[in-house]
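Structure first, commentary second.
Letters A, B, ... are given to chains in the order of the sequence lines, protein chains preceding strands, and every chain is numbered from 1.
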There are 2 protein chains.
Amino acid sequence: MLGRLNHVALVVDDLEKAGARWRDMFGASTSDTLTLEEHGVKVVFIDLPNTRIELLEPLGNGSPVSKFLEKHRGGGMHHLCMEVTDIIKARDELVAKGARILGDGEPKIGAHGNPVIFMHPGDFNGTLIELEHVPDV
Amino acid sequence: MLGRLNHVALVVDDLEKAGARWRDMFGASTSDTLTLEEHGVKVVFIDLPNTRIELLEPLGNGSPVSKFLEKHRGGGMHHLCMEVTDIIKARDELVAKGARILGDGEPKIGAHGNPVIFMHPGDFNGTLIELEHVPDV
């Protein structure tokens, strides 16, 4: 079922400073800042040769990431995102095996314009897993 | 400076159960269990098409991962590992820029037989970063 690791997401308290740090320290290549209203976050991607790192800053006080930042001062590792070729089929299989999907279980549109779901971290030793629909081309 | 994302490491409280869960839920392909005495961990790797996930269980009470597991019941995301072609050059550059290396600053041998260092998470918004020496071939 599992495809590529699409990205690893890190929460930061200051997106601009964090992006600059990755550029200055590692010579990393970073994207422009994306604002994802529906997910309550601002995002910068760092390109690696085989995948990406996603830096996340909460957008507004109602952001689901705000609570994380209250618990983890300065930030921390937040989730990992893996690709699946058919997100509805993957979701239905996972639910049939007893896994829990966050929210209402219906895919939302993620940072790359593809449908995504999040799995309950309690089912995977505390790790928050995002699945992103990336059909074969 | 940055090469591939070599792996993302997740701490788990029961390596055998966690490996089985990834196999059963996602049909993931998992490695045999490796015991890394020097690092105080037991390890299982999960292969993805473009990188790997490393499941870590503390080995003995003195393991550096034991404290993490006390704080994060059941487990959680622990570190990410990126490849560099020359770890001594990378370390010296990073230190010159003010970054801190954990331990005595000298590389240790990691899970793949290559020298590795760990950067201080306080310098990267709470994320623990491992650098692994993987020379160009």
Side-chain angles (χ1 to χ4, degrees), chain A residues 1-15 17-18 21-22 24-29 46-53 55-57 68-69 71-84 90 93-94 96-99 119 121-129 131, chain B residues 1-15 17-18 21-22 24-29 46-53 55-57 68-69 71-84 90 93-94 96-99 119 121-129 131:
Chain A
M1 176 191 298
L2 289 183
R4 299 173 68 256
L5 181 78
N6 187 281
H7 61 265
V8 184
L10 314 178
V11 169
V12 300
D13 56 357
D14 185 323
L15 195 56
K17 271 193 194 165
R21 189 141 190 94
W22 279 75
D24 297 345
M25 281 285 171
F26 294 124
S29 161
I46 297 165
D47 281 324
L48 297 178
N50 59 333
T51 187
R52 277 177 299 191
I53 292 169
L55 302 178
L56 293 175
E57 185 191 318
F68 181 90
L69 204 48
K71 264 198 189 173
H72 306 83
R73 288 294 174 132
M77 299 181 78
H78 188 260
H79 70 265
L80 50 85
C81 173
M82 291 174 297
E83 299 176 1
V84 294
E93 269 184 50
L94 288 161
K97 290 176 190 168
M119 318 277 303
D123 291 337
F124 294 95
N125 295 91
T127 292
L128 178 60
I129 296 173
L131 297 179
Chain B
M1 175 191 298
L2 289 183
R4 298 173 68 257
L5 180 78
N6 186 281
H7 61 265
V8 184
L10 314 179
V11 168
V12 300
D13 56 357
D14 185 323
L15 195 56
K17 270 193 196 167
R21 189 143 190 92
W22 279 75
D24 295 345
M25 280 285 172
F26 294 125
S29 161
I46 297 165
D47 281 324
L48 298 178
N50 59 332
T51 187
R52 277 177 298 191
I53 292 169
L55 301 179
L56 293 175
E57 186 191 319
F68 181 91
L69 204 48
K71 264 197 188 172
H72 307 83
R73 289 296 174 129
M77 298 181 77
H78 188 259
H79 70 264
L80 49 86
C81 173
M82 292 174 297
E83 299 175 1
V84 294
E93 271 183 49
L94 288 161
K97 290 177 190 166
M119 319 278 303
D123 291 337
F124 294 95
N125 295 91
T127 291
L128 178 59
I129 296 174
L131 297 180

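The aromatic rings of A:His72 and B:His72 sit parallel, their planes meeting at an angle under 30°, below the 60° perpendicular limit. Ring geometry for B:Phe26 against A:Phe124 counts as parallel: the plane angle stays under 30°, on a 0 to 90° scale with 60° as the upper cut.
Ranked by heavy-atom pairs under 4.5 Å with chain A, the first of B:Glu93, B:Met82, B:Glu83 is B:Met82. Between chain B and the residues A:Pro49, A:Ala18, A:Gly27, A:Gly126, the largest count of heavy-atom pairs under 4.5 Å involves A:Pro49. Residue with the most contacts toward chain B among A:Met119, A:His79, A:Lys17: A:His79 (heavy-atom pairs, distance under 4.5 Å). Looking only at heavy-atom pairs under 4.5 Å with chain B, the residue among A:Leu48, A:Val84, A:Leu5, A:Asp14 that has the most is A:Leu5.
Interface residue B:Val12: backbone and side-chain heavy atoms are both found under 4.5 Å from chain A. Neither the backbone nor the side chain of B:Leu69 comes within less than 4.5 Å of any heavy atom in chain A. When heavy atoms are compared at a cutoff of 4.5 Å, A:Val11 approaches chain B solely by way of its backbone atoms N, CA, C and O.
Judged by distance alone, the side chain of B:Asn50 and the main-chain N or O of A:Asn50 form a donor-acceptor pair under 3.5 Å. A donor-acceptor pair is defined here as one N or O able to donate and one able to accept, closer than 3.5 Å; such a pair exists between the side chain of A:Arg21 and the backbone of B:Asp123. In this structure, the side chain of B:Asn125 engages the main chain of A:Gly74 through a donor-acceptor pair within 3.5 Å.
With rounding to the nearest 0.5 angstrom, the OG1 atom of A:Thr127 is 8.5 Å from the CD1 atom of B:Ile53. The distance from the CD1 atom of A:Ile46 to the CG atom of B:Leu2 is 8.5 Å, given to the nearest 0.5 Å.
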- Task: Let me see the working for B:Met77 and A:Val8 under side chain to side chain contact (heavy atoms under 4.5 Å, CB included), right down to the final yes or no.
- Result: CA-CA 10 Å; B:Met77 298 181 77; A:Val8 184; 4.0 Å; yes
- Task: Evaluate the criterion side chain to side chain contact (heavy atoms under 4.5 Å, CB included) for residue pair B:Leu94 and A:Met25; output intermediate values, then yes/no.
- Result: CA-CA 6 Å; B:Leu94 288 161; A:Met25 281 285 171; 3.8 Å; yes
